[in-house]
Amino acid sequence: MGKEAVLGRRAGALVPLFSIPSSESWGLGEIADLPAFAAWARRAGLSAVQLLPVNEMADGQSSPYSALSAMAIDPIFIAVRDVPEFAESGGEASLTHQQRHRLAELRRSSSVRHREARELKTAVLRMLFERFLETQWRTDGPRAVRMRAYAEREGWWLRDYTLFRALHAEHGACFWRDWPAPVRDRDPQALQRAAEALRHEVLYYEWLQWIADEQWHAARRDSPGVAILGDFPFMVSRDSADVWSRQDQFNVDASVGVPPDAFSETGQDWGLPLYRWDVHEADGYEWLHQRARRCAGLFDGFRVDHLVGFYRTYARDGELAYFSPPEEPEQLAQGERLMAIFQGSGAAIIAEDLGTVPDFVRDSLDRIGVPGLKVMRWEREWKAEGQPFKDPETYPPVSVAISGTHDTETMAEWWDNADPDERASVVALSRLCAAAITAESPYVPVVRDALLDTLFAAGSDLLLLPVQDVFGWRDRINTPAVVNDENWCWQLPWNVEALDEQPEAVERAAFLRQLAGATNRLRT
């Protein structure tokens, strides 16, 4: 649909793809499950779905912000059931007893078990790839013709990615800086020899991306009337296809994060490599142009993660901490050049402008018309007596009203933990007053719905609601700086196709549709 699908007054839901499994998926939400969620969103009067990144994660990772590639779709999201070779092989009956047992366990799990799902899918997909080679590739069948056309069309990123993945596998998934010098340093003859020696493995990773691409575009076609929004991570992992293939453009010895602020005395260190902005500028920011092009090909719009970092990146290099570029005029010029690249991609963009963001960056976003996030709990008159909440109805149209993000506590948790003064300030908002909510009210459905009503009435053209806040659940997607088996593992309590019949989901859809109609957010 493109940028026009995101324009105008509308509402949408924020949910990770892995959180919306169906009865047929393999332990997590898959590409083929997206249309069922989009259909429920349409019935709820929502016309956008904001996803978290779907970039390929490294083995053992569960955070979608730790990627092996800025371009590749994670094969963990492939719906095995829709791969033609799976049906040809006999479907689930073709799996071994052990594989069927593991699949049943994954489907029974109340949370995503990333490692086990990846191991099972990888084993089965490799088997299906061999069948594809036998029945299609070596006979030049129609599906092989389509795959060759895809590889030609996407070769601008696919060639480096597939060779990286093949080399990564050959070297035991170790960091590319530990590879033998010729391939580590990208000696052209060494790369050619590797591509020839690893042709089978290269072709396998190419096939995975083609399968993912075909399923992705089918899911988009089967989600009419709903804009699918993506997430543009600020950076990829040091151990990624992009950094390996563009080594001169990144400082892998420095580390990106955020400086100390009111939330952290020490700041944050994300362990991500630093852009060498001067090198990127010298080639016209080619890689960022490519990333924007790729995102625009997959999504109607995308959220630019850590927006302030594109204006000024906070880095640590040993004992030294600094901003890059160092001075405000350079920061402003660079940020606006990059925003122009993103805006020119053909997709709508949203700025993730939370945290400590200098005034000149916010002024810049206003001037160039990039909407930032308005998280209601943080939108207050901080310098006024009592620090009253800003009425969401006063938010500017070029902004995104939101109840929380994947990194924040849910709206229910926030209400539970808010002190009496904060609650008193919240309930002073006009629509909450009208609902007779008091600072002493527990987080019951009437409080949840009054808060949702207040958000739907926001002046922002776009409203995004994490699906947990729609239902009033307390389950988080992520707790920052925590690494355990619970982060990034949340999923719906029902299979996604059951949203049509679960009384709670049916009631929520009717309520949201009523709010969307009353606040001019209902799109037809």
Side-chain angles (χ1 to χ4, degrees), residues 1-15 37-51 223-229 299-303 347-351 353 365-366 369-379 389-405 411 426-437 445-472 499 505-524:
M1 290 186 285
K3 183 184 297 185
E4 67 279 359
V6 191
L7 300 178
R9 191 166 171 82
R10 65 180 66 240
L14 184 158
V15 68
F37 186 82
W40 176 83
R42 278 198 311 275
R43 289 189 292 276
L46 308 178
S47 52
V49 173
Q50 169 77 67
L51 300 175
S223 303
V226 176
I228 305 300
L229 309 180
F299 303 103
D300 297 299
F302 54 87
R303 188 195 80 136
I349 69 168
I350 296 166
D353 57 345
L365 296 178
D366 289 342
V370 175
L373 301 183
K374 300 290 185 184
V375 182
M376 190 179 81
R377 71 190 70 170
W378 295 332
E379 289 297 314
F389 279 80
K390 295 179 181 178
D391 191 324
E393 292 188 53
T394 67
Y395 296 171
V398 183
S399 68
V400 181
I402 190 166
S403 59
T405 75
M411 198 158 62
V426 177
V427 301
L429 294 171
S430 59
R431 298 178 85 89
L432 287 161
C433 281
I437 304 300
V446 67
V447 172
R448 173 199 63 192
D449 290 350
L451 288 167
L452 292 174
D453 175 64
T454 299
L455 282 159
F456 264 86
S460 309
D461 276 348
L462 180 60
L463 165 66
L464 290 175
L465 297 169
V467 71
Q468 291 95 326
D469 290 346
V470 167
F471 288 88
L499 290 169
V506 172
E507 182 276 329
R508 288 290 82 194
F511 179 73
L512 294 185
R513 190 173 187 86
Q514 177 186 355
L515 290 183
T519 56
N520 196 31
R521 295 189 185 277
L522 193 60
R523 314 291 292 185
T524 57

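These numbers come from the heavy atoms of this one structure, side chains and all, not from hydrogens, waters or symmetry mates.
- A distance of 11.0 Å separates CG in L465 from CG in L451, rounded to the nearest 0.5 Å.
- Judged purely by atom type and a 3.5 angstrom limit, R303 has no side-chain atom pairing as donor or acceptor with the backbone of L229.
- Considering only residues two or more places apart in sequence or on other chains, R508 meets the side-chain hydrogen bond (donor to acceptor under 3.5 Å, both in side chains) condition with D449.
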Would you check, one step at a time, whether the test side-chain contact (heavy atoms from CB on, under 4.5 Å) holds for V470 with F511?
CA-CA 10 Å; V470 167; F511 179 73; over 6 Å; no
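- Screening I437, L432, V427, V426 against V447 for a side chain to side chain contact (heavy atoms under 4.5 Å, CB included) leaves a single residue, I437.
- Between D391 and S430 the shortest heavy-atom distance is OD2-OG, 3.5 Å.
- Residues R431 and P392 have side chains not in contact (no heavy-atom distance under 4.5 Å, counting atoms from C-beta outward).
- Put simply, NZ on K390 and CH2 on W378 are 14.0 Å apart, with the number rounded to the nearest 0.5 Å.
- Distance check, rounded to the nearest 0.5 Å: CG of L512 to CG of L522 gives 11.0 Å.
- Judged by distance alone, with hydrogens and angles left aside, the side-chain atoms of R521 form a donor-acceptor pair with the main-chain N or O of R10 at under 3.5 Å.
- Put simply, the residue from V226, L14, V467 that forms a side chain to side chain contact (heavy atoms under 4.5 Å, CB included) with V49 is V226.
- Closest approach of F456 and A11 over heavy atoms only: CE2-CB, 3.8 Å.
- M376 has its side chain within reach of Y395: a pair of non-hydrogen atoms, C-beta onward, lies under 4.5 Å apart.
- Note: I228 CD1 to F37 CZ = 9.5 Å, rounded to the nearest 0.5 Å.
- In this structure, CG in L462 is found 13.5 Å from NZ in K374, a value given to the nearest 0.5 Å.
- Closest non-hydrogen pair, A505 versus W40, comes out as O-NE1, 3.2 Å.
- Note that CD1 of I350 is 10.0 Å distant from CZ of F302, once rounded to the nearest 0.5 Å.
- The two residues E379 and L373 have their closest heavy-atom pair at OE2-O, 4.2 Å.
- Contacts classified as side chain to side chain donor-acceptor pair (under 3.5 Å) and involving residues 460-471 (residues at least two apart or in different chains) are given here: S399-S460, S403-D469.
- Between D300 and A227 the shortest heavy-atom distance is OD2-CA, 3.2 Å.
- Across every non-hydrogen atom of A516 and G45, the tightest pair is CB-O, 3.7 Å.
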Would you please test L455 and M411 for side-chain contact (heavy atoms from CB on, under 4.5 Å) and show each step?
CA-CA 12 Å; L455 282 159; M411 198 158 62; 4.2 Å; yes
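- Taking the side-chain hydrogen bond (donor to acceptor under 3.5 Å, both in side chains) definition, one finds that R523 meets it with nothing, sequence neighbours left out.
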